[in-house]
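The structure appears below as structure tokens.
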Amino acid sequence: MVTLLVPGALRVDSGGQSQLTIEAGGTLRAVLDEVTRRWPRLARRVRDEQGQVRRYVNVYVDGVDHRHTGGLDTAVGDGAQVQVIPSVAGG
């Protein structure tokens, strides 16, 4: 089981939940595929039409940026925490 931590800005798309329990594991791709099936609105905010993580969204697996550990093929073990953080812009 994997825990997906959802920031306040995306909770409207997760039914107001701050943490989601994901049964899938193995890779970040598998985790996000389950998010797509169960919370499609949230998934559209995280991934683009090609299934890649949007460039303005940061995804961390156990505190490490997925871009430095294999992208969507990053290993996600049982008990892992996946955190999704959209970039904030402004001036």
Side-chain angles (χ1 to χ4, degrees):
M1 195 167 351
V2 175
T3 301
L4 182 83
L5 304 177
V6 183
L10 298 179
R11 287 185 193 152
V12 67
D13 298 315
S14 68
Q17 298 178 70
S18 62
Q19 295 186 16
L20 304 175
T21 300
I22 308 294
E23 297 298 324
T27 66
L28 180 58
R29 183 183 319 275
V31 169
L32 294 180
D33 285 348
E34 183 172 332
V35 171
T36 298
R37 285 190 298 280
R38 295 176 59 192
W39 299 278
R41 288 181 54 195
L42 176 60
R44 285 192 297 271
R45 303 271 306 269
V46 176
R47 293 166 98 178
D48 64 19
E49 294 74 24
Q50 288 76 42
Q52 299 299 311
V53 174
R54 293 186 182 278
R55 61 186 174 98
Y56 58 83
V57 174
N58 298 304
V59 178
Y60 298 89
V61 177
D62 289 331
V64 180
D65 190 332
H66 83 287
R67 291 179 179 98
H68 302 296
T69 57
L72 289 172
D73 295 321
T74 297
V76 179
D78 190 39
Q81 284 192 337
V82 175
Q83 188 172 19
V84 176
I85 303 176
S87 296
V88 178

Just one of Val31, Leu32, Asp62 clears the side chain to side chain contact (heavy atoms under 4.5 Å, CB included) bar with Val76, so which one?
Val31
So how far is it from Arg67 CZ to Asn58 CG, rounded to the nearest 0.5 Å?
5.0 Å
Would you compute the distance between atom CH2 of Trp39 and atom CZ of Arg44 and round it to the nearest 0.5 angstrom?
14.5 Å
Are Leu72 and Thr27 side-chain neighbours, meaning at least one heavy-atom pair lies under 4.5 Å?
no
Under-4.0 Å salt bridge between Glu49 and Arg54:
yes
Verify the cluster assignment for Tyr56 and Val84: are they in a single hydrophobic cluster under the rule of side-chain heavy atoms below 4.5 Å apart?
yes
If you group Ile, Leu, Val, Met, Phe, Trp and Tyr by side-chain heavy-atom gaps below 4.5 Å, do Leu10 and Val35 land in one group?
yes
Side chains of Leu42 and Leu4, heavy atoms from C-beta outward: is any pair under 4.5 Å?
yes
For residues 17-25, run the donor-acceptor check on the side chains, cut-off 3.5 Å, and write out each pair with its distance to 0.1 Å, sequence neighbours left out.
unit_1: Gln17; atom_1: NE2; unit_2: Ser14; atom_2: O; d: 3.4

I want to check something: taking the side chain as every heavy atom from C-beta on, are Val57 and Gln52 in contact at a cut-off of under 4.5 Å?
no
Check for a donor-acceptor pair, side chain of Arg45 on one end and backbone N or O of Asp13 on the other, with a separation under 3.5 Å.
no
Minimum heavy-atom separation for Val2 and Gly77, please, with both atom names.
CG2-O, 3.9 Å
Please examine the side chains of Met1 and Asp78, heavy atoms only from C-beta on, and report whether any two atoms are closer than 4.5 Å.
yes
Rounded to the nearest 0.5 Å, the CZ atom of Arg29 sits from the CZ atom of Arg47 at a distance of 7.0 Å
Nearest-0.5 Å distance, CG of residue Asp65 to OG1 of residue Thr74
8.5 Å
